[in-house]
Undergrad: 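Quick one: the structure is below, questions incoming.
A note on names: the letters A, B, ... follow the listed sequences, proteins ahead of strands, and every chain is numbered from 1.
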Amino acid sequence: MQHFPCPFCGLRNETEFHFAVEAGHSRPEPAERVSDAEWAAYLYANKSPKGESREVWLHLSCGEYFILSRDTVTRAVLGSVTLPGVTR
Amino acid sequence: MKRYSALSLFREGLRAHRGWQPAWTKARPKPAYDAVVVGGGGHGLATAYYLARIHGINRVAVLEKGWIGGGNTGRNTTVCRSNYFYPESVALYDLALRLYEGLSRELNYNIMLSQRGMLIAAHTPAQMEICNRIANAMQLNNVDGKLMGPEEAAARVPLINTGPDARYKLMGGIWQGRAGTARHDAVAWAYARAASALGVDIIEGCEVAGIDVQNGAVAGVETTFGPIRTERLGLAAAGATPGLTAHVGVDLPIHDYALQAFVSEPVKPCLDTVLLYLGTGTYVSQSDKGELVFGGGLDRVPTHGQRGNLPVQEAVTAGLLEMFPAFGQLRLLRQWAGVVDVVPDSSPLIGPVGPSGLHINCGWGTGGFKAIPAGGWLLSHLMAKGEHHEISRPFDLDRFARGRLIDEAAGSGIAH
Ligand SMILES: Cc1cc2nc3c(=O)[nH]c(=O)nc-3n(C[C@H](O)[C@H](O)[C@H](O)COP(=O)(O)OP(=O)(O)OC[C@H]3O[C@@H](n4cnc5c(N)ncnc54)[C@H](O)[C@@H]3O)c2cc1C
Ligand SMILES: [Zn+2]
């Protein structure tokens with residue numbers, strides 16, 4: 001079993017967490033000027049990086065989203081922070 | 001290429017097997033090819049074979065960074081079936097199954113296709129309704145599939161847990177009689193042997209590290225053996241495909257996850273069908289050697305490491321024991337994982353991307369072994385003709401911008 005650090009609750013069992021999305025997707029604006037292709041890229045396109053990765057995860061137990069940095073090859077956790085603008 | 005036959009086996013038996021030849025030639029790369037396929041899994045090898053056999057393009061190289069079949073093709077649990085929901089999917093997977101049905105003969109190589117049938121088992125009236133819907137969809141798509149009742153289903157899987165404490169009662173489910181298993185290595189080796197005999201260069205230990213683009217068109221690839229020129233490039237690198245398209249600035253709707261498989265010690269024949277239990281999510285078949293081959297859902301942590309995590313091992317194994325308490329006496333022989341390329345709608349990505357001359361065939365996720373002949377057929381068509389085959393058209397990457405997803409996870413509710 002691996003342990004992931006929730007910025008709010010500390011180290012918890014990996015089964016308490018859910019991967020949401022790669023970090024860094026920002027919603028294209030304004031909506032009326034966004035093409036189908038841009039919108040699809042926002043929704044679906046990934047880097048699926050091999051190695052270091054910044055991801056948004058959900059801690060199911062406390063319901064908070066946060067950013068988890070990991071190595072996708074070794075699965076080592078590199079750190080976790082709250083989402084921008086969120087304070088603990 | 002020497003043909004394999006019962007007679008050749010007998011003859012070699014008499015002379016200590018000294019007359020066998022290598023099944024394919026270990027090639028060194030030439031400076032240029034008419035077509036280059038990246039990835040020596042089943043899909044890449046089948047692509048090369050059909051390029052040579054159907055399209056008459058014989059100056060072809062398959063570039064494989066490791067050894068052929070060492071990716072997911074050699075790591076999967078070999079379930080073959082076409083019990084999907086949408087007509088687009090059935091057309092695709094049934095093309096594959098029909099090609100599989102003639103493959104041993106066509107390639108003169110026993111791929112050990114065993115159409116032992118597959119039962120997707122349901123446990124609640126609601127699940128039975130969904131099964132009925134899928135069975136109807138299969139029949140509308142002209143594929144053999146039917147709803148199976150509880151008695152017939154129980155007779156198919158005699159050791160199933162019918163005890164008073166069974167968490168999931170077997171109510172019946174969907175049956176596809178043409179489904180089954182095949183020998184994964186044999187599929188890779190058979191295509192490699194047949195392609196090699198048609199002049200295809202199979203180059204192992206050759207990693208592609210870059211794509212050369214000139215004037216908006218593919219001009220070649222950078223490899224560990226130096227540059228190789230080609231104007232037709234096909235990517236069939238499964239979970240490594242996003243890293244390759246990144247060279248030409250294309251991001252794919254793919255997440256890479258580990259998918260695990262497990263094999264028990266061998267026992268006498270006790271299960272002569274493929275069984276997927278909706279309740280536990282565990283599926284199992286028995287290999288010709290007698291081992292129980294089983295698996296379940298994805299690891300929930302995105303990864304490129306070919307290793308599985310413990311929570312899923314526990315869930316899958318617990319699922320098997322819930323289904324077959326008697327298997328609790330068995331020991332696990334092996335456990336491993338492959339990196340599978342999962343697309344949000346659980347359907348593959350087949351078609352052109354980025355510069356002209358570049359085509360991909362990936363996103364097969366947890367279920368692309370059964371699709372190998374079709375994947376190769378369709379990618380070779382794209383590479384040779386520069387346009388879609390009607391069966392691959394719906395699977396183009398453009399379906400995401402067009403909102404035409406083919407959501408098999410929602411449609412048929414099943415992985416693998
Ligand atoms: C545990 C497990 C169980 C499964 N069970 C089933 C099942 O029961 N039924 C089913 O239908 N499917 C199943 N699958 C899925 C199936 O295995 C895959 O979808 C299928 O094998 C994909 O074939 P492929 O040829 O696309 O990929 P692969 O066989 O993975 O081949 C891709 C190849 O590309 C090579 N490569 C990668 N990057 C590069 C590079 N830069 N340069 C050169 N070469 C490169 C890799 O080394 C690899 O050999 C399972 C998968 C796993 C992991
Ligand atoms: Zn928390």
Undergrad: Can you find a pair of side-chain heavy atoms, one from A:Glu14 and one from B:Pro311, that are under 4.5 Å apart?
TA: yes
Undergrad: Would you say NE2 of A:His25 has more than 12 non-hydrogen atoms from neighbouring residues, nucleotides or ligands within 6.0 angstrom?
TA: yes
Undergrad: side-chain contact (heavy atoms from CB on, under 4.5 Å) between B:Asn309 and A:Met1: does it pass, once the steps are laid out?
TA: CA-CA 7 Å; B:Asn309 72 357; A:Met1 272 329 150; over 6 Å; no
Undergrad: Would you indicate whether A:Tyr42, at its atom OH, is surrounded by more than 12 heavy atoms from other residues, nucleotides or ligands within a distance under 6.0 Å?
TA: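 Atom OH in A:Tyr42 is crowded, with more than 12 foreign heavy atoms closer than 6.0 Å.
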Undergrad: Can you give me the closest heavy-atom contact between A:Thr74 and B:Arg307, atom names plus distance?
TA: CA-NH2, 4.1 Å
Undergrad: Any donor-acceptor pair under 3.5 Å linking the side chain of A:Ser48 with the backbone of B:His255?
TA: no
Undergrad: Is it the case that over 12 heavy atoms from other parts of the model lie below 6.0 angstrom from the CZ atom of A:Arg54?
TA: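 12 or below, so no.
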Undergrad: Hey, are the side chains of A:Trp39 and B:Phe400 touching, using non-hydrogen atoms and a 4.5 Å cut-off?
TA: no
Undergrad: So which of A:Ala41, A:Ala37, A:Pro49 has the biggest tally of heavy-atom pairs under 4.5 Å with chain B?
TA: A:Pro49
Undergrad: Taking the side chain as every heavy atom from C-beta outward, state whether B:Val301 and A:Arg70 have any atom pair closer than 4.5 Å.
TA: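 B:Val301 vs A:Arg70: side chains touch.
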Undergrad: Are the side chain of A:Asn46 and the backbone of B:Pro253 linked by a donor-acceptor contact shorter than 3.5 Å?
TA: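 No, the answer is negative, given that no donor and acceptor are paired below the 3.5 Å cut-off.
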Undergrad: To the nearest 0.5 Å, how far apart are OG1 in A:Thr15 and CG in B:Leu310?
TA: 11.5 Å
Undergrad: Would you mind checking which part of B:Pro302 comes under 4.5 Å of any heavy atom in chain A, side chain (CB onward), backbone (N, CA, C, O), both or neither?
TA: both
Undergrad: Is there a donor-acceptor pair closer than 3.5 Å between any side-chain N or O of B:Arg300 and the backbone N or O of A:Phe17?
TA: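 Yes, because the side chain of B:Arg300 sits within donor-acceptor range (under 3.5 Å) of the backbone of A:Phe17.
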Undergrad: Check whether B:Asp345 gets within reach of chain A through its side chain, its backbone, both or neither, counting any heavy atom under 4.5 Å.
TA: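 The answer is neither part of B:Asp345.
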Undergrad: Chain A heavy atoms under 4.5 Å from B:Glu314: which part of the residue, side chain, backbone, both or neither?
TA: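 Contact with chain A is through the side chain of B:Glu314 alone.
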Undergrad: Specify the closest pair of heavy atoms between B:Thr303 and A:Thr72, including all atoms of both residues, with the distance to one decimal.
TA: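 Result for this residue pair: OG1-O, 2.7 Å.
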Undergrad: Assess whether a salt bridge exists between B:Arg402 and A:Asp36, defined as any Lys/Arg side-chain N lying under 4.0 Å from an Asp/Glu carboxylate O.
TA: no
Undergrad: Considering non-hydrogen atoms only, spot the tightest contact between B:Pro344 and A:Tyr44 and give its length.
TA: CG-CD2, 3.7 Å
